[in-house]
Amino acid sequence: MRPQKLKARIFLDSGDPEETKVINTFLGFLDGQTTNPTLISKNPEARLRLERGEKFSAEAILQFYRGVVVELCGLVPGGSVSVEVYADVTTQADTMLNQAKDMFSWIANAHVKFPTTREGLKAAQWAVEAGMRVNMTLCFSQEQAAAVYAATRGAKKGQVFVSPFVGRLDDRGENGMDVIANILRMYAQGDGHVEVLTASVRSIEHLLYALKLGTDIITAPFEVLKAWGDKGMPIPGDTYQYNAGSLKPIPYKEIKLDNKWEDYDIRHELTTKGMERFSEDWKRLLKPEKRKIA
Ligand code: E4P
């Protein structure tokens, strides 16, 4: 059963519907799910096919992804399911938008994930104008979150998520949870049209601190939700303290939200690395492209 005091929505971060079924039954609720190319490459059926040496054609992998997403949609009725466009560093906004239109039509409750890059933001702006729901992924900085806010001005509440990645900042010695705190503080000066989805969650401490900070949504892997459930789904009280250990603090910056999105410095090394990793994992599923004979 959903804890009475729980205000945030809880999503599962996974490409495996079996995990959705188990965690939904175990917790007694689930508000949605996030997927990405890496998580789809870890789907047990996809792995089995790869082990048998059966790679997917470009069309077949999209059909496979669609099948997974349709199943997830049935498992979290009314909840959001995030579906990610394929984008490497060369992918243009119009290509992302075309994929988004297709993916958005797969299920009734999709949020389409775009990278928080210039091309991704351009595509997201068009997508929001066309009435689609979006989730801006691979966000690592306050500037990127400010650009998401600016690119999606006028969107309805619930239409736009921004996903700051905590664990990947921690991995390189920075306190990823500071980015969540900073973005929430910065967004407090805005109109509330972008919801903060705490992502790249690695531990129950990340989850608890995100709840304490007042994040709108948390997506967490199976093991973290299981650990939270095992402890009886605690909600942190006022005395809860997050221990960042030796992680380097990320200071708050005074950033106004009324600029054009193009004016924010949105570059971040981890966004580029993240796109490279997603693209590699996706390509590993694919048959090598046949050379065209003229
Ligand atoms: C969610 O939408 C993200 O894709 C996910 O949380 C990334 O997590 P990772 O850093 O553990 O890959």
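The model shown is predicted, which means the values in this text are computed figures rather than measured ones. Order of appearance sets the numbers: ligands from 1, and atoms from 1 within every ligand.
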Which pairs of N or O atoms, one from ligand 1 and one from the protein, are separated by less than 3.5 Å, and what is the distance for each pair?
from     : atom 1 : to     : atom 2 : distance (Å)
ligand 1 : 2 (O)  : Lys113 : NZ     : 2.7
ligand 1 : 4 (O)  : Asn36  : ND2    : 2.7
ligand 1 : 4 (O)  : Lys113 : NZ     : 3.2
ligand 1 : 6 (O)  : Asp13  : OD2    : 2.6
ligand 1 : 6 (O)  : Ser200 : N      : 2.8
ligand 1 : 10 (O) : Arg168 : NE     : 2.7
ligand 1 : 10 (O) : Ser200 : OG     : 2.7
ligand 1 : 10 (O) : Arg202 : NH2    : 2.8
ligand 1 : 11 (O) : Arg202 : NE     : 3.4
ligand 1 : 11 (O) : Arg202 : NH2    : 3.2
ligand 1 : 12 (O) : Arg168 : NH2    : 2.8

key: Distance under 6.0 Å and angle within 45° of ring axis: Arg49 vs Phe56   = yes
query = Between Arg168 and Phe140, is NZ or CZ placed under 6.0 angstrom from the six-membered ring centre and within 45° of the ring axis?
reply = no
task = Kindly indicate whether the side chain of Ser80, heavy atoms from C-beta on, has any atom under 4.5 Å from the side chain of Phe161.
result = yes
task = Answer yes or no: is there a donor N or O on one side and an acceptor on the other, between the side chain of Asn109 and the main chain of Gly79, under 3.5 Å?
result = yes
ask   = Would a line drawn from the ring center of Tyr65 to the ring center of Trp282 be shorter than 6.0 Å?
value = yes
task = Would you mind checking if Lys226 and Glu223 are paired as a salt bridge, meaning a charged N to carboxylate O distance below 4.0 Å?
result = no
